[in-house]
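First comes the structure, then the notes that go with it.
Chain A is the first sequence line, chain B the second, and so forth, proteins listed ahead of strands; every chain is numbered from 1.
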Amino acid sequence: MVYLVGILIGILIFILVGLVLSKRIANVEDYYVSGRNAPTVLITGSLVASFLSSVTFMGEAGFSYDGYPIIQLILVIFNASGYVFGVFLFGRFLRRSNALTVPEYFGKRFNSKKIQRAAGITTIIGISAYIVAVTMGGALLFSSVSGFSYTVSLIIIWFAYTSFTFLSGAKGVLVNDTLMFFIFLFATVVALPFILNVTGGWPNAIIEAASTPGKEGILDWHGIVGENAYFSTPAEALVWAVVLGLVWGTIVSVSPWQTSRYLMAKSEHVVIRSGIIGMISIMVIYLILHISMTTVNNINPNITPSENVFIWTAINVMPTWLGILILLGIMSAVLSSCSTFLQLIGNSVSNDIFINKKNSDMSLLRFSRIVMLLSSIVILIFTFWQPPAVMWIGYFAATLFAASWGPVAFASIFSKKINKEAAFWSIIVGFAAVFVCEIIQKFWFSFPIYFHPVIIGVVLSTLILFVGSKFGEVTEEERLFQQQLWKAPDDLADPKEMNITKRYPNILIFGGALVIVLTFILYYIPLNLL
Amino acid sequence: MGNLIFSFAFGGSLIIIGFFAKYMISRMAKVESADKKDSRKEVI
């Protein structure tokens with residue numbers, strides 16, 4: 001009961017924040033991109049909160065508990081690097097376009113409404129599947145904690161994220177995402193010493209976890225390998241981590257739910273600083289989460305389903321206040337992803353599908369709000385219905401963007417030769433290739449990991465881009481817009497701001513040194529030297 | 001051996017990306033100051 005009250009109070013606060021901020025929405029720019037004046041803390045909070053979801057704190061935590069913590073951390077190295085590569089190679093240029101949505105950027109870059117619509121439709125299809133899957137996961141989680149039925153839990157979850165997203169748009173999403181980011185960051189970091197303490201203390205917790213009966217090798221870099229394990233050999237585990245890490249790194253660099261945050265940044269300095277802090281935050285959260293979840297094997301190696309390991313720990317092992325915070329943190333991760341996804345769907349429907357710039361600002365704002373509400377109702381109906389295989393669709397829907405948008409996004413900045421036809425077909429073919437390959441995998445046979453559907457999609461999408469650019473012509477509008485993207489905004493030259501930005505890479509360098517020490521003490525010394 | 005490499009690689013990746021970010025920012029700053037000089041010349 002006390003856990004339920006804690007979560008409900010948290011949800012009430014998020015709704016109130018949305019209500020208060022809705023009064024500050026004066027025009028479409030406020031609603032779509034928070035007036036383009038968000039500081040580093042809000043952009044970082046929203047980047048990380050919209051990336052992490054129940055998949056992180058349940059699915060991936062369970063995978064660590066089952067036997068694969070370190071190989072997941074190897075994946076995170078490539079995945080999190082996408083934040084820094086993304087801001088330097090795409091995000092900061094995206095912001096210079098002054099678009100309201102990422103599909104609008106593609107439309108402006110290639111002077112083509114057709115491309116804007118194509119990118120908008122891929123956003124709506126891909127993210128709708130993802131939001132239905134995450135909402136269902138959130139409703140099931142809420143139901144298991146509260147004892148309420150699935151339907152009641154679903155309505156509570158849906159109402160929470162719809163209310164503040166509908167009312168306050170990007171402003172509410174940014175502030176709530178940041179609040180939620182701090183809740184789960186605090187919960188994960190503070191949980192570590194408590195979990196280590198009850199699982200045997202340092203270094204015993206690590207030593208004992210490494211030799212869990214039936215899970216020998218759990219803390220080796222490759223995790224449990226062998227005939228009945230998830231991976232047959234260490235090499236297979238490494239290839240899996242590198243390939244999926246690169247796929248997710250590309251998603252972080254170009255996907256709409258990450259890069260759209262840069263459109264809300266106050267300046268290009270904020271974009272760069274947020275990417276840097278985003279990377280280090282993700283790496284620290286994952287390091288602590290995966291190591292601590294592995295040690296739970298010392299007190300209960302039989303939690304089923306294993307994805308409940310963090311929830312089980314919160315309820316059975318932690319002090320009540322920390323248990324509430326952890327459960328609220330997991331729920332926050334669900335709500336923050338859903339609110340960002342809903343915002344993107346609503347924005348894309350009203351801005352990229354029904355492109356209409358002739359209306360007045362107020363009527364556009366009203367139209368955007370109505371579309372947001374209608375989109376959310378459609379999502380609710382789908383989630384009620386619980387479409388079969390939605391979890392599977394949701395999982396691969398996120399990866400669609402790496403193939404569909406990745407090659408076009410980077411080429412739109414660095415290539416003077418690509419044209420609208422090549423870009424259009426590259427988006428379509430990348431999307432279709434992943435979709436078809438995933439269907440083949442689901443119903444017929446599996447591809448080896450190095451032929452992951454996303455890799456096939458990226459190769460085909462790049463090929464189309466290359467061939468299309470050879471034959472088509474670049475128009476004057478496309479050439480001028482690409483040139484314009486390389487013109488630095490005035491605020492970038494501010495020496496005071498530049499000096500602050502120049503210090504940020506030092507956070508990565510010193511943070512990296514600290515993480516090496518932490519990894520060495522927490523993991524390597526107990527496992528190999530004691 | 002693999003465990004030792006991981007212990008250094010996880011934090012090490014932050015250091016490498018940190019140097020990459022340093023390089024990119026200093027390049028941006030250089031381009032900026034060159035642009036400024038150019039625009040000053042144009043004014044003169």
Inset, instruction - Drop me the distance from A/I276's CD1 to B/K22's NZ, to the nearest 0.5 angstrom. - result: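 One gets 9.5 Å once the value is rounded to the nearest 0.5 Å.
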
Legend entry - Winner by heavy-atom pair count (cut-off under 4.5 Å) against chain B, out of A/G275, A/P505, A/A513: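 The answer is A/P505.
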
Inset, instruction - Go through A/V76, A/V84, A/L514 and name the one with the most non-hydrogen pairs under 4.5 angstrom from chain B. - result: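 The candidate making the most pairs under 4.5 Å is A/V84.
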
Side-chain H-bond candidate by donor/acceptor type, [X] with [Y], under 3.5 Å:
| X | Y | answer |
| --- | --- | --- |
| A/Q258 | A/Y83 | yes |
| A/Q72 | A/S64 | yes |
| A/S274 | A/R261 | no |

Legend entry - Parallel, tilted or perpendicular: rings of A/F414 and A/W486 (30°, 60°):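 Perpendicular.
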
Inset, instruction - Specify whether B/F20 and A/F85 have parallel, tilted or perpendicular ring planes, treating 30° as the upper limit for parallel and 60° as the lower limit for perpendicular. - result: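 Judged by the thresholds at 30° and 60°, the geometry between B/F20 and A/F85 is tilted.
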
Legend entry - B/F10-B/F6 aromatic ring centre distance below 6.0 Å: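 B/F10 vs B/F6: aromatic centres under 6.0 Å.
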
Legend entry - Heavy-atom proximity to chain B below 4.5 Å, by part of A/I272: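 Side chain only.
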
Legend entry - Within residues 229-237 of chain A, residues adjacent to chain B where the heavy-atom gap is under 4.5 Å: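 Counting heavy atoms that sit under 4.5 Å from chain B, no residue of residues 229-237 of chain A is involved.
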
